[in-house]
Amino acid sequence: MLLFFTFRIKINFYNFVTLIYLEMNYIKKHTIDELADLAISIRKDVVRALKVAGSGHLGGSLGLADVFTVLYFNRMRHNPDNPAWPDRDRLILSIGHVAPVFYTALAHAGYFPIDELQTLRKLGSRLQGHPGRDHHLPGIELSAGSLGQGLSVAVGMALAAKMDNADWKVYTIHGDGELQEGSIWEAAMSAAHHKLDSLIALVDSNKVQIDGRVSDVMEIEPLAEKWRSFGWAVFECDGNSIGGLVETYQKAEKISGKPSVIIAHTLMGKGVKSIEGDYRWHGRAPNAKESEDFIREIEG
Amino acid sequence: MLLFFTFRIKINFYNFVTLIYLEMNYIKKHTIDELADLAISIRKDVVRALKVAGSGHLGGSLGLADVFTVLYFNRMRHNPDNPAWPDRDRLILSIGHVAPVFYTALAHAGYFPIDELQTLRKLGSRLQGHPGRDHHLPGIELSAGSLGQGLSVAVGMALAAKMDNADWKVYTIHGDGELQEGSIWEAAMSAAHHKLDSLIALVDSNKVQIDGRVSDVMEIEPLAEKWRSFGWAVFECDGNSIGGLVETYQKAEKISGKPSVIIAHTLMGKGVKSIEGDYRWHGRAPNAKESEDFIREIEG
Amino acid sequence: MEIYLDKGNKSTKSGFGEGVLEAGRKNKNVVGIGADITTSVGMNLFADIFPERFVSLGIAEQNCVGVAAGLALSGKVPVFSTYGVFAALRATDQIRISLCYNDVHVVIGGAHAGISVGPDGATHQALEDIAMMRVLPNMTVISPCDATQAKIATERAILELNGPVYIRFGREAVPDFTDNDQDFKIGKGQLLADGTDVTIAATGHMVWEALEACRLLKEENISARVINIHTIKPIDEEIILKAAKETGAIVTAEEHQIYGGFGSAVAEVLVKNNPVPMEFVGMPDCFGESGKPEELMQKYGLIAINIVDKVKQVMKRK
Amino acid sequence: MEIYLDKGNKSTKSGFGEGVLEAGRKNKNVVGIGADITTSVGMNLFADIFPERFVSLGIAEQNCVGVAAGLALSGKVPVFSTYGVFAALRATDQIRISLCYNDVHVVIGGAHAGISVGPDGATHQALEDIAMMRVLPNMTVISPCDATQAKIATERAILELNGPVYIRFGREAVPDFTDNDQDFKIGKGQLLADGTDVTIAATGHMVWEALEACRLLKEENISARVINIHTIKPIDEEIILKAAKETGAIVTAEEHQIYGGFGSAVAEVLVKNNPVPMEFVGMPDCFGESGKPEELMQKYGLIAINIVDKVKQVMKRK
Ligand SMILES: Cc1ncc(C[n+]2csc(CCOP(=O)(O)OP(=O)(O)O)c2C)c(N)n1
Ligand SMILES: Cc1ncc(C[n+]2csc(CCOP(=O)(O)OP(=O)(O)O)c2C)c(N)n1
Ligand SMILES: [Mg+2]
Ligand SMILES: [Mg+2]
């Protein structure tokens, strides 16, 4: 069974040589430049989808475009033709509000037609405002939208993999504001206690949340120290650098005996200079005019 | 009003000279030896009360007898004749299960007759299994029994004092197992964010909880690092040493600009050698025979 | 009470926000607590004018509730608001123990009540909060019908009540039809339209739908009484029992799950005193989804014609 | 069904523990989750025999629920148990989203249900959990009447159901009176005693009190039907409506708040279908306190004679 699926992913997605490299985990199918181009396409589609939706979260979605590109096109073992492949790596999006970039990455990876992004947030759409498994969009592991729950779910998954001696990994994505939730620290403590080295978390450290700067709303620094004191291996990188992310993930994946977290320094709204770093774009969608401008800015 | 009350506490409890010292915060009414004797009396009354009750938490209560003695007879500014004195220091017991030692300390301090300890856990008693303000026992600031809530309440109190420019302090008592609750870390983060230096927490670090050793159930170490990374001033001491506690509290009270926590290393069941450190006494009450033996052991 | 058809639309959220501000003006002990969605729940009005009495606690609902208890125990009158799903569900044990068991006066605002929250979808639509809050001893549960009433209710709850209070309100602009000088008493329902054939007992946004239904029914010569039960706990047994006696059948309407919610509270009153046939308009025990507010209200059977249908059903059972 | 009067006493908790163990024996994917009160909730039986399938997570109920969701999404069948107050209230948002909205099969055991918890007092007595859990979509809520039934219910819930399940059980040893081979179906009530004048619908520990009440009533020539509603959600409308029709009056009995709980669920069924007079035996919207279990049951009106009184009241209203 396992072999069968592994074989399928080979056929579908990679030529043989690439796959071997992939499994040895130091060369990827796409070059860094290709990944960067992909991230640009994703950003543009995020803007388009949000414009049509008329509401939704642009800022965080743009900031995370590089992370999603790296995960779905470089790091994760997955098969869009078989989303339920038991040996796939899992992506747990703990901050459901950045659904737009998540959906767009899934569409670009081949989980469903890119056109479907236009149905975002509409009645009957598989693309709910926050990911909802009840709507059966392929590629969604978890219905989410209430902050601070994803890390616990990921711990449960990593525990299951460990019990089953399986080698798939669990990648999670968190907001920096989200780390104010105590449930995150419960989960963090338990991941270290159970030595879950298949768990790799990423914090979207954009330094802002809805009410303003994280340091004004509720300071979370010194963040690396916090994670370290909770027993995690801590990495930091520029979360808007494809190369930096690839390298950092590679390091994190090698850690054994403890979970890893990557503090990824990003910019809310990254790619659209005129809104970069502006917390007021946390939960806004662009209108028609803005959408055109933003796409132009993204194209650079 | 304030002056009036301050005057009352002087008259009732201290001679004039002692009070001046007290307010300057470096000499206390009781000598260390007297405090140690008091702690012994309290331990014996805890055993007696639990025997009559037939259920309740002996281990943690004995382990914390020294801490309660130091707080109520050395550190805290309070007036048993006027429990609602607005300028009193507040004691927030976050681990309601050690109610027996809390009640015993209150009784010894003069809040209610020591005899009333015999009503512990009985129908109609003011001494509920876990502290309940609805039963109007003088000296109880907070109904508690669900772990992990007290630190938040203390933060609220310290914020109120700050808004009012009042100089009273808030002392809290936590279990080490209790620190597994995420709500504790939410509260810790907020206390540092708001620079609540009137807040002094103490962790009853007895290394055990109901299911066994904390390190087996859910490791919380490195604990000092955790608190430090959450922005607190951290102190450690022998929580069964009266002198050590007094000194450490004195240091903590001087900290400004951030909250303090004392990691007090204690022994569950302290004073009764035959049960010291045994987690099975977390939630047990002694029978008649055990009670006699334990009191004898406490007397030494 | 005067009902205005021309005052336009306004969100109950903004009524809440104005109520907090007004209470803050009248009592300097009022303190606001923010959990990172200050504007989205209407608390920005208070926070902007009284920054020194506004405490930002970030995304940490459990801590917010505990801190509120501590403030209340120290003489403050804390108001904490966030989305109803998180206000009522993320800190439920804290609400039970630190607030209700300690019986401290804290006002919790539950924003984004109901399915009319719209495109954010299931996770953000508070549809279980009434049930969760009304089962807690010492808790008062209020669900105002429009912005004007939300403002009055909020101000009164903060300034005049004791103990913990939960007030729920919505996000969308809805008809603002009640009178500024209305006779509003916490715990007392309001008769909005008299009628003899049936009673529609509604709460929150559904009161407007009930009035619409009443108009539609009149065209069919059905005389429907409309009562606004803005206080779900303690519930006004008197007005409900009078309606049961005089009209012999009741339809309840709420933007909330049918199980355990407002309708359920009415059912409790009826079976204990005067069991008459009843029908429920509410969420049929399922999660919501994304969509426009009006689309969702329609899809899940929460508009006037659904009330009309249930009225006809219940009248057959009289 | 056979009712045994001589099997002695046993806690529903131990039935739960045995049920988990048995399910674990039959399905190797069953995983236990402990929150530091493993023995106190009966899970030690499973943990001792299957240590490699028992995950200790410490005092962190929110994390326990999330981890359970993750395990379930990865093919495991997690069982998480702690005191009902914390199981149902400390992680309510996690239960709503990570469990119910994701519709994963996780079994939550709510221990220390009811006031019979005794001397630990108000904070530890779960009296609101039924209301909290039954309002959540996709949730099944079970409240077995004795140890034998608790064991059967737990095993079935783990092995045969889908989606999230909440099972509540008590701490005290209570009469263990049901049959090992009983006809037990989740979602179907049980007729324990036939009768024509009135129906006592009871759940959990109160079923025994209902049988006692039935005996006392017989002495006064009142023929009371007793039905055991062990599944509160989905509720067995059929057995309730049959009872309403045939006996014309219902008294519900539960160790839980009256508002929003089991009685409330029965009231919902009645007013929608066949409104008959009803009375509630349950906690009168207040917190419990310390005392011996039997003292508390008496003080708060939760014993057989209280049911008898309510039966007489309700019969006057027929
Ligand atoms: C439990 C919970 N509380 C509050 C919210 C509302 N909320 C959604 S996103 C958000 C801000 C999150 O900040 P951050 O994690 O930094 O994400 P960013 O704004 O950077 O995208 C808040 C408060 C929520 N979804 N869940
Ligand atoms: C929220 C919550 N979860 C669980 C419990 C049950 N409980 C009471 S005391 C305790 C153990 C606490 O351990 P620790 O803080 O180390 O106290 P100690 O056993 O050392 O006295 C637990 C799990 C509780 N009271 N509250
Ligand atoms: Mg952020
Ligand atoms: Mg301990």
Side-chain angles (χ1 to χ4, degrees), chain A residues 50 52-57 94-97 99-100 119-135 137 142-149 174-186 208-220 279-280 282-283 285, chain C residues 32-41 43-44 47-48 51 54-67 82-91 93-94 112 115 117-126 171-172 286-300:
Chain A
L50 280 168
V52 178
S55 70
H57 300 77
S94 191
I95 43 173
H97 64 277
T119 68
L120 178 65
R121 293 182 155 240
K122 302 229 178 304
L123 188 68
S125 170
R126 300 196 292 179
L127 281 66
Q128 292 291 297
H130 294 77
R133 287 172 70 239
D134 52 338
H135 292 265
L137 189 71
L142 182 73
S143 306
S146 170
L147 299 170
Q149 303 197 15
H174 304 277
D176 45 4
E178 190 195 14
L179 305 184
Q180 292 153 356
E181 283 288 355
S183 52
I184 288 283
W185 302 103
E186 291 182 4
V208 291
Q209 55 189 114
I210 297 180
D211 274 358
R213 292 150 48 115
V214 173
S215 56
D216 293 333
V217 176
M218 179 52 59
E219 179 62 277
I220 60 169
Y279 71 87
R280 288 170 305 176
H282 159 90
Chain C
I33 295 179
D36 192 33
I37 39 179
T38 306
T39 303
S40 188
V41 301
M43 291 271 288
N44 53 318
D48 289 348
F54 183 76
V55 183
S56 171
L57 292 175
I59 313 169
E61 295 80 5
Q62 295 191 90
N63 190 44
C64 289
V65 169
V67 168
T82 182
Y83 298 151
V85 273
F86 312 127
L89 278 79
R90 191 56 169 258
D93 188 29
Q94 277 82 3
H112 279 35
I115 190 119
V117 165
D120 274 338
T123 51
H124 283 54
Q125 295 156 347
R171 167 198 168 124
E172 281 298 296
C286 65
F287 284 101
E289 61 180 303
S290 294
K292 294 197 192 114
E294 57 279 13
E295 287 171 347
L296 295 172
M297 295 291 277
Q298 192 172 340
K299 171 162 180 182
Y300 290 96

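Chain letters run A, B, ... following the sequence lines, proteins first and then strands; every chain starts at 1.
- Options A:H57, A:Q209, A:K122, A:H97 differ in how many heavy-atom pairs under 4.5 Å they form with chain C, and the most are formed by A:Q209.
- Heavy-atom distances place both the backbone and the side chain of C:E289 under 4.5 Å from chain A.
- Looking only at atom types and distance, the side chain of A:S146 has a donor-acceptor partner in the side chain of C:R90 under 3.5 Å away.
- For the 3.5 Å distance criterion, the side chains of A:D211 and C:T38 qualify, holding a donor opposite an acceptor.
- When C:V85, C:N63, C:I59 are compared by the number of non-hydrogen pairs under 4.5 Å with chain A, C:I59 comes out ahead.
- Scanning for salt bridge (charged side-chain N to carboxylate O under 4.0 Å, His left out) contacts around A:R133 gives an empty result, with sequence neighbours left out.
- Contacts between C:K292 and chain A at a heavy-atom distance below 4.5 Å are absent for every atom of the residue.
- Proximity to chain C (any heavy atom under 4.5 Å) is restricted, for A:H135, to the side chain, taken from C-beta onward.
- Counting heavy-atom pairs under 4.5 Å between each of C:G121, C:S40, C:A35, C:A60 and chain A puts C:A60 at the top.
- No donor-acceptor pair under 3.5 Å is formed between the side chain of A:W185 and the backbone N or O of A:Q180.
- For the set C:T123, C:D120, C:L296, the count of heavy-atom pairs under 4.5 angstrom toward chain A peaks at C:D120.
- Of the atoms belonging to C:L89, not a single heavy atom falls under 4.5 Å from chain A.
- With A:E178 contributing its side chain and A:G148 its backbone, the two residues share a donor-acceptor pair below 3.5 Å.
- Heavy atoms closer than 4.5 Å to chain C are found nowhere in A:A99, neither backbone nor side chain.
- For the options C:A47, C:P119, C:G118, heavy-atom pairs under 4.5 Å to chain A are most numerous at C:P119.
- In this structure, chain A has heavy atoms under 4.5 Å from both the backbone and the side chain of C:S56.
- Considering only residues two or more places apart in sequence or on other chains, C:D48 meets the salt bridge (charged side-chain N to carboxylate O under 4.0 Å, His left out) condition with none of them.
- No hydrogens or angles considered: nothing links the side chains of A:E186 and A:S183 as a donor-acceptor pair under 3.5 Å.
- No more than 12 heavy atoms of other residues, nucleotides or ligands sit less than 6.0 Å from atom CD of C:Q298.
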